[in-house]
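Following: one structure in structure tokens, then a few remarks.
To find a chain, count down the sequence lines: A is the first, B the second, and so on, and within it residues start at 1. Atom set for the values below is all heavy atoms of this structure, side chains included, hydrogens, waters and symmetry mates excluded.
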Number of protein chains: 2
Amino acid sequence: MTNDRDQPAVAPPTLLAVAQRAKVSRSTASRVINGSPQVTEEAIRAVTNAIAELNYVPNRVARSLARRSTQTIAMVIPQHTSKFFADPYFAAVIQGAALHVATTDYTLTLMIESDDDPDKTRRFLEGGNVDGALILSHFSRDAEYISLSRLLPVVFGVRPLTTDDGPYYVVDVDNAEAAALPTRHLVERGRTRVAMIGAPQSMSAGRDRREGWQTTLALAGLDEGPFEEGDFTPAGGAAAMERLLGQGRPIDGLVAASAQMAYGAMGVLKERGIAVPADIAVATIDNNFFSTSAGPPLTSVDLNTDTKGAVMAQTLLRIIAGETVERTTTIPIDLIERDST
Amino acid sequence: MTNDRDQPAVAPPTLLAVAQRAKVSRSTASRVINGSPQVTEEAIRAVTNAIAELNYVPNRVARSLARRSTQTIAMVIPQHTSKFFADPYFAAVIQGAALHVATTDYTLTLMIESDDDPDKTRRFLEGGNVDGALILSHFSRDAEYISLSRLLPVVFGVRPLTTDDGPYYVVDVDNAEAAALPTRHLVERGRTRVAMIGAPQSMSAGRDRREGWQTTLALAGLDEGPFEEGDFTPAGGAAAMERLLGQGRPIDGLVAASAQMAYGAMGVLKERGIAVPADIAVATIDNNFFSTSAGPPLTSVDLNTDTKGAVMAQTLLRIIAGETVERTTTIPIDLIERDST
DNA sequence: CTGAAAGCGCTAACAC
DNA sequence: GTGTTAGCGCTTTCAG
């Protein structure tokens, strides 16, 4: 005895069982299960009943093998943020994707890229174990995934940072616009020295956001404000704020590339007795718990991240279904005004 | 043309291809792939080379069909919290489980129970599509899952609320202790009128936490303090705090059953000019962003939720492997003292 | 419209 | 130790 429970006591019913009970062949049973039009009403009824009586559920594995399609898509998440879920971004994307997939016959496999064995994930994907993949990492391994996209439908959640162009798809917000929106908002409220705490410039989103901020200031005829880079954490935001202040240049407005960083920056401001929004008006990209719970609550750009997850999944399933899909889908964003500006 | 890309351009290499290249039979190739001891060094070398040259990856689907095991486990999450990830709890459990699974040859499928078609999930699980399941829902459907556990290894993340006993496993913290810890802490600091904002009493965790608080006060010879129930959200915590204050009974200590609720309650206290910890000392169960970002930061019980996720996965895989496992595994918890007490 | 037959790619007795 | 032979449960030509 290996286990104190009698594990797979009963084997689930098979198609054959259903067919026999309905007194038809497996082919016919299979046809009604798959909604083929060429079956008698009568056959449909018989099989349907048999299925209900036996409580039959098709074996996905066998079906996949025969169909040569897995009915499974993967969501690939970078591990390097070992605490990836501390970032509400991932949680939101996954949630959106999972909810969408739940409405289909597909299944969502969550894969965390192992730092130890980075090839494990790639091999898994290349091995024909999934019908497509949703890629959420934003860093250097992009190129590798692009080559993957030649083997398998792939949808990226961020624009890859490479000039290489494979047949890949991207679903993302317009990051330049995401930065332009709060910057413009600040400028319209009369701020003329708008600084930015940006995201890493090694990410396409980081570059795009910086550019959106720069361009907006330039269009308004304003000088480019001071810029410091953060790492998406509150601590990183606080450090960037210190450096910004350390530059000695006057600041009356601040755009943060993420709510976590804005949250960290707010702590520094409060500590130094700098009033928000009186002395410095603050607006941030990304609307989540960090932006709403800062004091005062932050004017934020809602990136609709859960929608993004859902659209990523939907896009991938469309591609798999053979539909022609736009290479790039842009998720709409909204500016939400709060007391910080 | 259905798609502008030539999708499955190249079919992945099969075992047969590897075998031929290595000049052995498929059985032998299969044996070395699965690490059978009864193969020549030479055969191993030949097959290994062939695999490398062909970049072969076993087809999981075919393997599953032959082995009658899917190498897949499911994580089932209730949808009723349509925003389930807004609760850091789920994110943490999923993260822990995913990270553990990533170290094995298993795959993790994320399933959200659909409110529309609640049977979809159950049928999927019963249909032999996974080797086991991790159940995270805590409500009424428990009983149903317990019956599921007769068909398939199942590990619950919370003690089911039922007297029915099937062969199921539970991995959870000791919820009574989770409440006793902060209550005792408050009592030791001289608080004698300790109120509680509890979790719904329809959940086993909610009952256990309430009981832990009650028992601790009784043991200390103190009167039972006022109790109000919240719904795990900051708003619910705030409302509960209002009701608590509305009872008119004196309070000098507060235990919250979740950090979100504590966070909401803190807002009410600040609004009313009630000082923390001077007037009321506050301690909460669960340590996450909500507890650290309250003002002042909250003394909290760290539930090690990511560890819980990992242990859940590990437990399930052990059961699947046929090992004998404890029916109940308790995850250790830690009290973290901060400025709120 | 339906059934028979041939696999999908791999594993697992069972002989040699 | 290794090859041969059957399938795993389902889909899918191909006849009829």
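A straight line from CG of B:Asp105 to P of C:dC10 spans 15 Å, rounded to a whole angstrom. A:Asn129 has its CG atom 10 Å from the P atom of C:dC10, to the nearest Å. The CZ atom of A:Arg68 sits 19 Å away from the P atom of D:dG9 (whole-angstrom rounding). As a whole-Å value, the separation of A:Arg31 CZ from D:dT12 C1' is 8 Å. Between A:Asn59 atom CG and D:dT11 atom C1' the separation is 13 Å, expressed in whole Å. Going from atom CD1 of A:Ile33 over to atom C1' of D:dT11 covers 11 Å, rounded to whole Å. The nearest whole Å value for the distance from the CD atom in B:Gln38 to the C1' atom in C:dC16 is 14 Å. We find that CZ of B:Arg45 is positioned 12 Å from P of D:dT2, with the value rounded to whole Å.
To the nearest 0.5 Å, atom CD1 of residue A:Ile51 and atom CG of residue A:Leu15 are 8.0 Å apart. For the atom pair CG (B:Leu16) and OH (B:Tyr56), the distance works out to 10.0 Å, reported to the nearest 0.5 Å. In this structure, A:Gln20 CD and A:Arg26 CZ are separated by 9.5 Å, a value rounded to the nearest 0.5 Å.
Looking at A:Arg67, its side chain has no donor and acceptor atom pair within 3.5 Å of the base of D:dG9. On a pure distance criterion of 3.5 Å, no polar donor-acceptor pair joins the side chain of B:Thr40 and the base of D:dT2.
Counting any heavy atom pair closer than 4.0 Å across all strands shown, B:Thr14 reaches sugar-phosphate atoms only and no base atom. Within 4.0 Å (heavy atoms only), B:Val24 reaches sugar-phosphate atoms of the nucleic acid but no base atom. Within 4.0 Å (heavy atoms only), A:Thr28 reaches sugar-phosphate atoms of the nucleic acid but no base atom.
An OP1 or OP2 oxygen of C:dC10 is reached within less than 4.0 angstrom by no side-chain nitrogen or oxygen of B:Ser30. An OP1 or OP2 oxygen of D:dT11 is reached within less than 4.0 angstrom by a side-chain nitrogen or oxygen of A:Arg63.
With D:dG3, C:dC10, D:dT11 as the choices, the nucleotide that has an atom nearest any side-chain atom of B:Ser25 turns out to be D:dG3. Taking every side-chain heavy atom of A:Ala62 into account, D:dG9 is the closest of D:dG9, D:dT2, D:dT13. Residue B:Ser27 places its side chain closer to D:dG3 than to any other of C:dT2, D:dG3, D:dT2. You'll find that the side chain of A:Arg26 is closest to D:dC10, out of D:dT4, D:dC10, D:dG1.
Remark: the B:Arg67 side chain and the B:Asn34 side chain contain an N/O donor-acceptor pair separated by less than 3.5 Å.
Along DNA chain D, the nucleotide nearest A:Leu16 and the nucleotide nearest B:Ala43 are compared for position; the residue whose nucleotide lies closer to the 5' end is B:Ala43.
Between A:Phe156 and A:Tyr168, a ring centre-to-centre spacing shorter than 6.0 Å is recorded.
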